[in-house]
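Note that ligands are numbered from 1 as they come in the structure, with each ligand's atoms numbered from 1 the same way.
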Amino acid sequence: PYDVLIVGGGPAGAAAAVYAARKGIRTGVAAERFGGQVNDTLAIENFVSVMETEGPKFAAALEAHVRAYDVDIMNLQRAKRLIHAEEPGGLVQIELENGGVLKSRSVIISTGARWRNVNVPGEQEYRNKGVAYCPHCDGPLFKGKRVAVIGGGNSGVEAAIDLAGIVEHVTLLEFGEQLRADAVLQAKLKSLPNVTVHTMAQTTELTGDGNKLNGITFTDRSSNTSRHIELEGVFVQIGLVPNTEWLKGTLELSKHGEIIVDAKGQTNLPGVFAAGDVTTVPYKQIIIATGDGAKAALSAFDYLIRTPAP
Ligand code: FAD
């Protein structure tokens, strides 16, 4: 068994692995996709001390840093169930989708989050047939075409700026009265000639010809009129959902589905810690997730030295 088993290999999981391994304890990381959301990120300019980098480069650096230590990396492994220890200090088990079971004296969950669906007709039907969630993955597919981005937060505006450099035209739809992105992003967006912004716009349908997407319908909430725009792609950028479905009924979750942790990253189960975007810790950012992963690993180590095995 492991001393510390980390589930999730994003910034939080990678930081937890480095911190745990540096204590000389048996450390494993099981991750569906090592690197996590960072793989889908373009420019990163807010990881303090790194002036500027790119997501895939950052993800590769995370993995290299973990590989510099004696850590078992189990990539492309999806956890499907957590089984808590039967007695105090006992082994926690993680059941994998492939049927395997990993045992550990302590577990750190850092399974992150994923994009929220807009839940209108056409979204599922035209998924990957015009409906996309990852501009950095799918942007080039829409080269020279017309797209819309749903959502005027940082993700939506980042996506619109990114796509504007590839596609012919970007329409950005924001439900509220104004964009919610950082001022610097809004300024950049406004400087682009091929972007149109509609605020007070509620998306009602993603239309198509049965095979692929051909447009978006939205209600202009200020005039209460319905409008339709012909286009080839829609990027949904309206927030993140924590990856905790597999933990329902075992760990205490918030009403948003986030794992409830205390200041040390401790969950409601002894020996089980959590870190990063999957938790109630506010502000989902790389630097916060990494700090959080480090904290959870130190808490797990503290737990191990204080808790005798049964
Ligand atoms: P994640 O990165 O989500 O990693 C989760 C890990 O868990 C992955 O390895 C995943 O495969 C794995 N996993 C999930 N479910 C399971 C399971 N059941 N079993 C096993 N493994 C599982 N932040 C910034 O600070 N600066 C930025 O510029 C920035 N830009 C961003 C741009 C985009 C497009 C996106 C999507 C995010 C951006 N972020 C940015 C946010 C940042 O990427 C996240 O805050 C950060 O990645 C969170 O790290 P994490 O380790 O908590 O989770």
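Residue contacts with ligand 1 include Trp115, since one or more of its heavy atoms lies under 4.0 Å from the ligand. Under a 4.0 Å heavy-atom criterion, Glu158 is in contact with ligand 1. Heavy-atom distances between Lys80 and ligand 1 stay at or above 4.0 Å for every pair.
Here Ala113 has backbone heavy atoms under 4.0 Å from ligand 1, and that is the only part of it that gets that close. Proximity of Ser110 to ligand 1, defined as any heavy-atom pair under 4.0 Å, is confined to the backbone N, CA, C and O atoms. Residue contacts with ligand 1 for Val7 involve side-chain atoms from C-beta outward but no N, CA, C or O (heavy atoms, distance under 4.0 Å). At a heavy-atom distance under 4.0 Å, only side-chain atoms of Asn46, from C-beta outward, approach ligand 1.
Note that NE2 of His65 is 13.0 Å distant from CD of Glu63, once rounded to the nearest 0.5 Å.
The backbone N or O of Val92 sits nowhere less than 3.5 Å from a side-chain atom of Ser104 that would complete a donor-acceptor pair.
Counting non-hydrogen atoms of other residues, nucleotides and ligands closer than 6.0 Å to NZ of Lys188 gives a total of 12 or fewer.
Between Val278 and ligand 1, not a single N/O pair is under 3.5 Å apart. Residue-to-ligand polar distances place Arg33 within reach of ligand 1: an N/O pair is separated by less than 3.5 Å. The shortest N or O to N or O distance between Glu45 and ligand 1 is not under 3.5 Å. By the 3.5 Å distance cut-off applied to N or O atoms, Ala79 is counted among the residues near ligand 1. Taking only nitrogen or oxygen atoms, main chain and side chain alike, Gly9 reaches within less than 3.5 Å of ligand 1.
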Open item on the list: Please evaluate residues Asn98 and Gln77 with respect to the criterion side chain to side chain donor-acceptor pair (under 3.5 Å), reporting the C-alpha separation (whole Å), side-chain torsions for both, the decisive distance (0.1 Å), and the verdict.
Closed with: CA-CA 8 Å; Asn98 73 4; Gln77 294 300 332; 2.9 Å; yes
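Annotation: cation-pi geometry not satisfied between Arg22 and Tyr69 (NZ/CZ under 6.0 angstrom from ring centroid, within 45° of ring axis). No cation-pi contact links Arg227 to Phe218, judged by a cut-off of 6.0 Å to the six-membered ring centre and 45° from its axis.
Applying the side chain to side chain contact (heavy atoms under 4.5 Å, CB included) test between Val71 and each of Val66, Ile6, Val18 identifies Val66 as the sole match.
Salt bridge status for Glu174 with Arg180: present, with a side-chain N to carboxylate O gap under 4.0 Å.
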